[in-house]
Amino acid sequence: MLKPGVLDPQGRAIGQALHGLGFDSVGEVRAGKVIELELAECDPSRARESAEAMARKLLANMVIESFRVDIT
């Protein structure tokens with residue numbers, strides 16, 4: 001997700017479109033991306049650590065984005 005304070009034109013366009021469709025209760029909209037990884041790691045804590053390292057080094061632009069890792 002884009003960090004708070006970073007302009008999100010895609011989120012704004014989505015919000016305007018939703019309002020145009022009659023969804024008046026929608027407030028601020030932020031758009032992000034989802035990256036799903038299949039890891040060959042059985043230990044959930046190791047899998048999380050590895051995924052977080054990947055996000056910091058390549059998958060997320062740490063200047064303007066934040067990330068969250070979910071293990072399922």
Side-chain angles (χ1 to χ4, degrees):
M1 294 296 300
L2 291 172
K3 290 183 177 180
V6 175
L7 292 178
D8 185 356
Q10 183 180 12
R12 186 169 182 187
I14 292 167
Q16 289 173 344
L18 290 170
H19 287 167
L21 292 171
F23 295 101
D24 298 325
S25 64
V26 174
E28 182 180 2
V29 177
R30 305 288 286 173
K33 62 185 174 186
V34 173
I35 299 173
E36 291 186 5
L37 302 170
E38 183 178 314
L39 303 177
E41 178 59 68
C42 296
D43 182 330
S45 63
R46 283 183 165 166
R48 176 179 300 284
E49 185 178 300
S50 181
E52 288 175 349
M54 290 179 212
R56 280 191 295 278
K57 291 181 180 181
L58 176 70
L59 303 175
N61 178 343
M62 297 304 298
V63 174
I64 62 169
E65 296 175 325
S66 60
F67 68 88
R68 180 182 78 217
V69 173
D70 293 324
I71 304 294
T72 59

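No experiment lies behind these values; they were computed from the predicted model shown.
The closest donor-acceptor contact from the side chain of Asp8 to the backbone of Leu2 lies at 3.5 Å or more, if one exists at all. Although no hydrogens or angles enter the test, the distance criterion places no donor-acceptor pair under 3.5 Å between the side chain of Glu49 and the main chain of Ser45.
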Open item on the list: Before you tell me yes or no, could you show the steps for Ile14 and Gln16 under side chain to side chain contact (heavy atoms under 4.5 Å, CB included), namely the whole-Å CA-CA distance, both residues' side-chain angles and the distance that decides it to 0.1 Å?
Closed with: CA-CA 5 Å; Ile14 292 167; Gln16 289 173 344; over 6 Å; no

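The number of heavy-atom neighbours closer than 6.0 Å to CZ of Arg56, taken from other residues, nucleotides and ligands shown, is above 12.
Put simply, CD on Glu65 and NZ on Lys33 are 4.5 Å apart, with the number rounded to the nearest 0.5 Å. Taking CD1 of Ile64 as the reference point, atom CG of Asn61 lies at 4.5 Å (rounded to 0.5 Å). Atom CD of Glu52 sits about 12.0 Å away from atom CZ of Arg68, to the nearest 0.5 Å.
Summarising the geometry of Lys3 relative to Arg30, their closest heavy-atom pair is O-NH2, 2.8 Å, with the distance given to 0.1 Å. Looking at every heavy atom in both residues, His19 comes nearest to Val26 through NE2-O, 2.7 Å.
Residues satisfying the side-chain hydrogen bond (donor to acceptor under 3.5 Å, both in side chains) criterion with Ser25, sequence neighbours excluded, are absent altogether. Evaluation of the side chain to side chain contact (heavy atoms under 4.5 Å, CB included) rule for Ile71 yields Pro44, Ala47, Arg48, Val69 as partners, not counting sequence neighbours. Checked against side chain to side chain contact (heavy atoms under 4.5 Å, CB included), Met54 has the following partners two or more places apart in sequence or in another chain: Leu37, Leu39, Ser50, Leu59.
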